[in-house]
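Taking it in order: structure first as structure tokens, then the write-up.
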Amino acid sequence: MTRRSQSETEVVVVPGHSRAIEVLAGQLVVVRDVEGGQVGDLFAFVADDPSEALSAGHTRAANRRLFPRVGEPFVTTRRRPILTLIEDTSPGTHDMLIPACDPERYRLLGVHGWHASCAEGLSEALRGFDITLAYVPQPVNLFMHTPPQPDGTIVWLEAPSAAGDAVTLRADRDAIVVLSACPMDVIGINRGRPSPLGLDVLEGPRPGPA
């Protein structure tokens with residue numbers, strides 16, 4: 001049996017925005033779908049060298065799986081574990097195939113003028129850490145449902161998560177974690193109405209009584 005301390009950090013990520021937090025190795029990161037049906041783009045960077053980032057592609061290769069599973073790590077561009085998925089109260093549907101939405105994505109979908117995007121939100125969130133990225137790494141899209149079909153195509157379905165569903169990740173090294181409450185409202189992945197996400201940092205599990 002394990003026990004957890006109270007939350008050290010509690011953040012609400014409003015729709016269309018991103019938040020960046022520092023986590024120490026051994027701490028837990030909890031991402032909560034507050035209202036249900038909301039996709040969260042999750043990024044992570046090694047704290048002392050942000051050029052090393054969580055990579056969905058490297059994680060697929062390391063775990064030999066298209067999608068994440070409890071007990072398996074997310075690894076970096078240098079193939080080192082940075083976060084490990086240790087608990088999931090959602091249906092377990094998360095995407096590691098789709099890049100972050102960006103201004104060009106919305107233009108191609110027919111949006112005229114500016115539209116919030118996960119790529120721009122990431123850049124804004126990292127400014128507080130004086131980090132400028134040369135490129136946007138591919139995130140892990142929590143709660144996103146994009147199942148490949150037998151013919152190789154991908155379908156875009158509503159996020160199946162319910163209000164209060166959460167994933168818990170253990171930091172395997174000191175990191176900067178960024179979460180975007182995806183603003184996509186053109187296709188139905190967020191049920192047509194983006195909603196907030198919760199982002200908590202907890203101290204790691206402590207041994208309970210024998």
Find out if a path of hydrophobic residues (ILVMFWY) with successive side-chain heavy-atom gaps under 4.5 Å connects Val201 to Val12.
-> no
Same cluster or not: are Val111 and Ile187 linked, directly or through other Ile, Leu, Val, Met, Phe, Trp or Tyr residues, by side-chain heavy atoms under 4.5 angstrom apart?
-> yes
Contact check, side chains of Val11 and Ile21, non-hydrogen atoms, under 4.5 Å | yes
Where Thr89 and Gly164 come nearest, the two heavy atoms and their spacing = OG1-O, 4.3 Å
Mind checking whether Asp88 and Thr168 have side chains closer than 4.5 Å, heavy atoms only?
-> no
Qualifying salt bridge (charged side-chain N to carboxylate O under 4.0 Å, His left out) pairs, either residue in residues 34-44, two or more places apart = Glu35-Arg193
Answer yes when Arg32 and Asp200 have at least one side-chain N-carboxylate O distance shorter than 4.0 Å, and no when they do not.
-> yes
Quick one: do Leu54 and Val75 end up in the same hydrophobic cluster if we chain Ile, Leu, Val, Met, Phe, Trp and Tyr together by side-chain heavy atoms under 4.5 Å apart?
-> no
Please name the pair of heavy atoms, one in Leu197 and one in Asp33, separated by the smallest distance, quoted to 0.1 Å.
-> CD2-CA, 3.8 Å
Who pairs with Asp172 by salt bridge (Lys or Arg N to Asp or Glu O under 4.0 Å), at least two apart in sequence or on another chain?
-> Arg170
Determine which pairs satisfy ring pair (Phe, Tyr, Trp, His ring centres under 6.0 Å) with at least one residue from residues 62-85, sequence neighbours left out, and list them in order.
-> none
Is a side-chain N or O of Ser161 found less than 3.5 angstrom from the main chain of Ser90, in a donor-acceptor match?
-> no
Linking Ile, Leu, Val, Met, Phe, Trp and Tyr through side-chain heavy atoms less than 4.5 Å apart, which residues share a cluster with Leu126?
-> Phe43, Phe45, Leu122, Phe129, Ile131, Leu133, Val136, Ile176, Val178
Closest heavy-atom pair, Pro15 versus Pro194, reported as atoms and distance to 0.1 Å, is CG-O, 3.6 Å
Quick one: side chain to side chain contact (heavy atoms under 4.5 Å, CB included) partners of Arg79, sequence neighbours excluded?
-> His58, Ala61
If a pair satisfies salt bridge (charged side-chain N to carboxylate O under 4.0 Å, His left out) and one of its residues is in residues 107-122, list it, with sequence neighbours excluded.
-> Glu104-Arg107
Give a yes or no answer on whether the side chain of Gln38 reaches the backbone of Ser195 with a donor-acceptor pair at less than 3.5 Å.
-> yes
Quiz item: cation-pi between Arg105 and Trp114, 6.0 Å / 45° = no
Partners passing salt bridge (Lys or Arg N to Asp or Glu O under 4.0 Å) against Arg78 (at least two apart in sequence or in another chain) | Asp49, Glu52
Just by distance, do the side chain of His94 and the backbone of Asn141 share a donor-acceptor pair under 3.5 Å?
-> no
Honestly curious: do Leu199 and Met144 fall in one hydrophobic cluster under the side-chain, below-4.5 Å linking rule?
-> no
Of all the heavy-atom pairs spanning Arg173 and Val46, show the shortest one and how long it is.
-> CD-CG2, 3.9 Å
With a cutoff of under 4.5 Å between side-chain heavy atoms, which Ile, Leu, Val, Met, Phe, Trp and Tyr residues group with Val14?
-> none
Can any side-chain N or O of Arg60 pair as donor or acceptor with the backbone N or O of Met96 at less than 3.5 Å?
-> yes
For Ile154, enumerate each residue passing the side chain to side chain contact (heavy atoms under 4.5 Å, CB included) test, keeping only those at least two apart in sequence or located in another chain.
-> Leu97, Ile98, Thr146
Of all heavy-atom pairs linking Ala116 and Gly16, the shortest is CB-O, 3.8 Å
Which atom of Val39 lies closest to which atom of Asn190, heavy atoms considered | N-OD1, 2.8 Å
Report yes if the side chains of Ile82 and Pro73 come closer than 4.5 Å at any heavy-atom pair, otherwise no.
-> no
Would you be so kind as to tabulate the donor-acceptor pairs closer than 3.5 Å made by side chains of residues 179-186, with sequence neighbours excluded?
{"unit_1": "Ser180", "atom_1": "OG", "unit_2": "Ser18", "atom_2": "OG", "d": "3.4"}
{"unit_1": "Asp185", "atom_1": "OD1", "unit_2": "His115", "atom_2": "NE2", "d": "2.9"}

Test side chain to side chain contact (heavy atoms under 4.5 Å, CB included) applied to Pro147 - qualifying residues, sequence neighbours left out = His145, Gln149, Val155, Leu157
Report the residues that fulfil side chain to side chain donor-acceptor pair (under 3.5 Å) with Asn63, sequence neighbours left out, ordered by chain and then residue number.
-> none
Do Leu142 and Ile189 belong to the same hydrophobic cluster, where Ile, Leu, Val, Met, Phe, Trp and Tyr are linked whenever their side-chain heavy atoms lie under 4.5 Å apart, directly or via other members?
-> no
Please examine the side chains of Val70 and Ile86, heavy atoms only from C-beta on, and report whether any two atoms are closer than 4.5 Å.
-> no
What distance do Asp102 atom CG and Ser123 atom OG have between them, rounded to the nearest 0.5 Å?
-> 10.5 Å
